[in-house]
Amino acid sequence: MRIQRIKGTNDIFGEEIFYWRFVEETFRKVCESFGAEEMRTPIIEPTELFVRSVGEETDIVQKEMYTFVDRGGRSVTLRPEGTASLVRAFMENSLVNRGFPQRFYYVGPMFRYEKPQSGRLRQFHQIGYECIGSPSPRADFETILLLNTFLKEIGLARHRVYINSIGCPSCRPNYRNALKEYYSFRYEQLCEDCKKRYERNVLRLLDCKVDAELAKSAPKSVDFLCEECRRHYDELKEYLDSAGIPYVEDHTLVRGLDYYTRTVFEVRHEGLGAQNAIAGGGRYDGLFEDLGGPSIPALGFAGGIERIVLAMKEEGILPPKVNPHEVYVVVLGKEAFKVGVELAKKLRERGVNTEVEIMERNISAQLKNANRLGARFSIIIGESEITRSVVLLRDMASGEQFEAGIDLAVDRVVDALKTKSS
RNA sequence: GUGACCAUAGCUCAGCUGGUAGAGCGCCUGACUGUGGAUCAGGUGGUCGCGGGUUCGAAUCCCGCUGGUCACCCCA
C-alpha cells in the first residue's frame, strides 16, 4: 500500500484552497482594520505551557495532546490552541514595554488527538485574535464586534453569538457551591460521565447533552456574580445592544479551557451538525499570572477555518477565485517556444497569468488543454508567424482570432482582459 | 476512548441468494496531418483497503487490522 496521510489530517488544494484564502485574507484585513498586528509563534512548545494554561483537568490536556519526548529528553507538545503561545511570547519578548492595549492575531494549524468527524480533525486550523491589557468591558465588546465584523465580511448569516459570564476567582466559588448543592439532590439521575465531572469540575455539568434538561433549571452563574463582575457583564451587554449586535445569553455556556474569567462567548452555526461552534473565546484575566508573569487582563477568541468553510458552503457562499491560466501560449516548434517564453515574460510583467506549453504537443492538444484550463486567450506561435514577426491571438470564448505584432499582442490581451473582468 | 455505517478503475458508482470484474465521467489517439469546447470510433486503466478463515471456488460469507464517514465525549 502506498503511504497515506495521517488520520485526521487533510490535503487542501483545488477549489478548496480559494475558501481558505478568502477566510484567511478577510480575517487579516478585518484584524488590521481594528489595529491588530500579526504574531507567529512556534507550533511546538514545552508541554508545561499547556498544562499550566489550558488546565491539568481539561480534556485537552488529559487526553488530546500530541506530546512526545524529543531527542534531548524534553517533553514537547504540538500546540492544541493558540492563546497560551501568544501569552508566552508576549512575556518572553517583554512586549509589556510597548504599552496597552495591544491587539494581535494569528493564523495557523493546531493539533488535538481526537477521533475525527465532521468539523473535527487532528490537525485543524484556527484564526485567532487576542486583546491584551484592558480590563474594561469595552475590550470585550470590541473583540466581539471584531468577530462579528469578520463573519459579516465572510458573508455568513445563519450563525448566532452566545454569551455568558462565569465570574471571577472571588465569586465563582459561591456559584460552584450552589451548583454542587443543586446537583447533589439529583446525583443519581446523572450520566456516568457527569458523576465524574461532579467531583472534578461542576461547571462542566452544564454543557452535558445527556443531562441538558437538568442544566436548564440549574442555578445560573450570572445570579452569583460579584459586584464587579455584574457591572462588567451588564456594561458589555449595553455596548452590544447599542451597536446593534445580536446575541443570545446562554447560561449553560461554560468553556472547556480553565483560564477563562468573566466573559465567555461562542458563535454557533445552525447548518453544521454536531460540531457547530465556528468560533469561541473569552476573557482570561488570570492567565498571565498562571504562567508566572505579571497580572495583565486580556481576552480573545479563536475560530476554526474548517468549520467556517463548511458554514460558507452550507450557505452557498463562493469565494473569489484566481485563474492561473488567463493566457495559454501555444507553441509549435523550438523557435516558437523561444518566442513564446519572451512573450509570456512581457505578459507576466503586466500582471497577466500566463502558461507556456512545455509538453511539445500538437496544436490540437494544446488548444484542448488551454480550453480545459479556462484560458481566456490563446496565443498561437508557429513557423509561419515567426517568419512574419506576428502571433495569432485567439479568444477562447468566441473562437475569433487575428494576427498581431508581438508588442501589440501584449497590449491587446491586457486591454481585453481588463475590460472583460471589470 | 465507545458505537453505527462504509471501503470495487483517477472520480461517481453497479456487481441480486458465492462461479476469479462492469458502466458513466476523465485521460490518450483518430475522424479534423496548424486550431479547443459538440458528436462519433477506438484505446488506457483495478493483486475488488490489508491479513487470515470457511469453500472445489470469495469482490460477494465470517474474524481481525487499517482507513473513511457520522454520532457520543469535548471543542475550533
Side-chain angles (χ1 to χ4, degrees), chain A residues 1-10 14 23 54 57-64 79-83 107-129 147 191-194 196-197 201 204 206-211 253-257 264 266-269 272-281 300-311 328 330-333 336 357 359 361-386 392-401:
Chain A
M1 249 206 299
R2 275 184 298 191
I3 295 172
Q4 46 187 296
R5 61 175 181 263
I6 284 173
K7 183 175 184 155
T9 64
N10 259 148
V23 170
V54 175
E57 290 301 316
T58 59
D59 281 2
I60 291 177
V61 171
Q62 287 283 310
K63 53 186 190 188
E64 294 171 6
R79 63 179 184 197
E81 61 109 38
T83 302
V107 177
M110 305 293 163
F111 303 84
R112 291 183 202 173
Y113 194 88
E114 296 191 272
K115 192 147 180 189
Q117 73 188 65
S118 180
R120 199 175 66 185
L121 292 163
R122 289 187 174 179
Q123 179 181 336
F124 61 105
H125 299 77
Q126 287 188 333
I127 47 175
Y129 169 84
L147 175 55
C191 67
E192 286 310 306
D193 290 325
C194 282
K196 289 176 198 157
R197 291 190 194 110
N201 190 346
R204 291 278 157 60
L206 293 174
D207 59 6
C208 174
K209 286 169 190 170
V210 183
D211 299 318
L253 176 60
V254 287
R255 317 217 66 246
L257 292 83
V264 291
E266 204 167 278
V267 179
R268 298 177 203 140
H269 191 95
L272 242 47
Q275 311 305 320
N276 63 355
I278 58 175
F301 68 84
I305 298 180
E306 284 86 351
R307 290 185 190 178
I308 292 168
V309 169
L310 284 174
Y328 197 98
V330 172
V331 295
L332 303 163
E357 168 79 9
M359 294 292 285
R361 287 176 286 212
N362 63 34
I363 186 168
S364 185
Q366 290 190 48
L367 281 169
K368 189 172 184 172
N369 195 228
N371 184 60
R372 182 177 42 210
L373 294 174
R376 306 268 291 279
F377 285 95
S378 284
I379 295 176
I380 301 166
I381 309 171
E383 283 173 30
S384 67
E385 282 76 23
I386 290 173
L392 266 178
L393 213 58
R394 182 180 179 83
D395 182 317
M396 294 303 283
S398 65
E400 290 170 37
Q401 78 185 27

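Note that this is a predicted model, so its numbers are computed, not measured.
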**Prompt:** Is Ala370(A) touching bases, backbone alone, or none of the nucleic acid, heavy atoms closer than 4.0 Å?
**Reply:** nothing

**Prompt:** Between Arg255(A) (CZ) and rC73(B) (C1'), how many Å, whole number?
**Reply:** 16 Å

**Request:** Report yes if some heavy atom in the side chain of Asn369(A) is under 4.5 Å from a heavy atom in the side chain of Tyr328(A); otherwise report no.
**Result:** yes

**Prompt:** Looking only at atom types and distance, does a side-chain atom of Arg307(A) sit under 3.5 Å from a main-chain N or O of Gly119(A), one as donor and one as acceptor?
**Reply:** yes

If you restrict it to nitrogen or oxygen atoms, what contacts under 3.5 Å exist between nucleotides 30-36 of chain B and the protein, and what is each distance?
{"unit_1": "rG34(B)", "atom_1": "O6", "unit_2": "Ser384(A)", "atom_2": "N", "d": "3.0"}
{"unit_1": "rG34(B)", "atom_1": "O6", "unit_2": "Ser384(A)", "atom_2": "OG", "d": "2.7"}
{"unit_1": "rG34(B)", "atom_1": "N1", "unit_2": "Ser384(A)", "atom_2": "OG", "d": "3.3"}
{"unit_1": "rG34(B)", "atom_1": "N1", "unit_2": "Glu385(A)", "atom_2": "OE1", "d": "2.7"}
{"unit_1": "rG34(B)", "atom_1": "N1", "unit_2": "Glu385(A)", "atom_2": "OE2", "d": "3.1"}
{"unit_1": "rG34(B)", "atom_1": "N2", "unit_2": "Glu385(A)", "atom_2": "OE1", "d": "3.4"}
{"unit_1": "rG34(B)", "atom_1": "N2", "unit_2": "Glu385(A)", "atom_2": "OE2", "d": "2.8"}
{"unit_1": "rU35(B)", "atom_1": "O2", "unit_2": "Arg394(A)", "atom_2": "NH1", "d": "3.0"}
{"unit_1": "rU35(B)", "atom_1": "O2", "unit_2": "Gln401(A)", "atom_2": "OE1", "d": "3.4"}
{"unit_1": "rU35(B)", "atom_1": "N3", "unit_2": "Gln401(A)", "atom_2": "OE1", "d": "3.2"}
{"unit_1": "rU35(B)", "atom_1": "N3", "unit_2": "Gln401(A)", "atom_2": "NE2", "d": "2.9"}
{"unit_1": "rU35(B)", "atom_1": "O4", "unit_2": "Gln401(A)", "atom_2": "NE2", "d": "2.7"}
{"unit_1": "rG36(B)", "atom_1": "OP1", "unit_2": "Ser364(A)", "atom_2": "OG", "d": "3.3"}
{"unit_1": "rG36(B)", "atom_1": "N7", "unit_2": "Arg394(A)", "atom_2": "NH2", "d": "2.5"}
{"unit_1": "rG36(B)", "atom_1": "O6", "unit_2": "Arg394(A)", "atom_2": "NH2", "d": "2.9"}
{"unit_1": "rG36(B)", "atom_1": "N1", "unit_2": "Met396(A)", "atom_2": "O", "d": "2.4"}
{"unit_1": "rG36(B)", "atom_1": "N2", "unit_2": "Asn371(A)", "atom_2": "OD1", "d": "2.5"}
{"unit_1": "rG36(B)", "atom_1": "N2", "unit_2": "Met396(A)", "atom_2": "O", "d": "2.8"}
{"unit_1": "rG36(B)", "atom_1": "N3", "unit_2": "Asn371(A)", "atom_2": "OD1", "d": "3.3"}

**Prompt:** Given the P atoms of rG36(B) and rC27(B), what is the spacing between them in whole Å?
**Reply:** 15 Å

**Prompt:** Roughly how far, to the nearest 0.5 Å, is the CD atom of Glu385(A) from the CD1 atom of Ile379(A)?
**Reply:** 11.5 Å

**Prompt:** Rounded to the nearest Å, what distance is computed from the NZ atom of residue Lys115(A) to the C1' atom of nucleotide rC70(B)?
**Reply:** 10 Å

**Message:** Could you go through Lys63(A) and Glu114(A), starting from their C-alpha distance and side-chain angles, then the distance that decides it, and tell me whether this counts as side chain to side chain contact (heavy atoms under 4.5 Å, CB included)?
**Reply:** CA-CA 8 Å; Lys63(A) 53 186 190 188; Glu114(A) 296 191 272; over 6 Å; no

**Asked** With respect to the side chain of Gln275(A), which nucleotide from rC72(B), rU2(B), rG68(B) is positioned closest?
**Response** rC72(B)

**Prompt:** Quick one: does Glu306(A)'s side chain have a donor or acceptor within less than 3.5 Å of a partner on His125(A)'s backbone?
**Reply:** yes

**Canonical and wobble pairing (Watson-Crick, G-U, under 3.5 Å) of RNA chain B, dot-bracket with |** = (((((((..((((.....[..)))).(((((.......))))).....(((((..]....))))))))))))....

**Message:** With nearest nucleotide decided by heavy atoms, which residue, Arg361(A) or Ser118(A), maps closer to the 5′ end of RNA chain B?
**Reply:** Arg361(A)

**Message:** Is it the case that the side chain of Arg120(A) and the backbone of Gly8(A) share a donor-acceptor pair, with hydrogens and angles ignored and the cut-off at 3.5 Å?
**Reply:** no

Check: protein-nucleotides 42-46 of chain B nitrogen or oxygen pairs below 3.5 Å:
none

**Prompt:** Which heavy atom in Ser118(A) sits nearest to a heavy atom in Leu310(A), and how many Å separate them?
**Reply:** OG-CD1, 4.3 Å

**Prompt:** Touch check for Leu121(A), heavy atoms < 4.0 angstrom, all strands: base, sugar-phosphate only, or nothing?
**Reply:** base

**Message:** I need the CD-P distance between Glu57(A) and rC73(B), as an integer number of Å.
**Reply:** 19 Å

**Request:** Looking at every strand, decide which applies to Gly333(A) at a 4.0 Å heavy-atom threshold: base, sugar-phosphate, or nothing.
**Result:** nothing

**Request:** Say whether, by atom type as modelled, one donor and one acceptor occur between the side chain of Arg361(A) and the main chain of Gln366(A) under 3.5 angstrom.
**Result:** no

**Request:** Can you tell me, in whole Å, how much space there is between the C1' of rG67(B) and that of rU35(B)?
**Result:** 46 Å

**Asked** Just how far, in rounded Å, is C1' of rG1(B) from CZ of Arg112(A)?
**Response** 17 Å

**Message:** I need the CZ-P distance between Arg122(A) and rU69(B), as an integer number of Å.
**Reply:** 11 Å

**Request:** Look at the side chain of Lys7(A) and decide which nucleotide, out of rG67(B), rU69(B), rA76(B), has an atom nearest to it.
**Result:** rG67(B)

**Message:** Taking rC65(B) as the reference, what is the distance to rC5(B) when you measure between their P atoms (whole Å, please)?
**Reply:** 16 Å

**Spacing between Ile6(A) atom CD1 and rG67(B) atom C1', to the nearest angstrom** = 13 Å

**Message:** Could you tell me how far apart Glu114(A) (CD) and rU69(B) (P) are, to the nearest whole angstrom?
**Reply:** 14 Å

**Prompt:** If every non-hydrogen atom of Arg122(A) is compared with every non-hydrogen atom of Pro116(A), which pair is closest and at what distance?
**Reply:** NE-CD, 4.3 Å

**Message:** Whole angstroms only, please: what is the CG-C1' distance between Asn276(A) and rC72(B)?
**Reply:** 15 Å

**Message:** Any side-chain N or O of Gln117(A) below 4.0 angstrom from OP1/OP2 of rC70(B)?
**Reply:** no

**Request:** Check step by step if side chain to side chain contact (heavy atoms under 4.5 Å, CB included) holds for Ile381(A) and Ile386(A).
**Result:** CA-CA 7 Å; Ile381(A) 309 171; Ile386(A) 290 173; 4.0 Å; yes

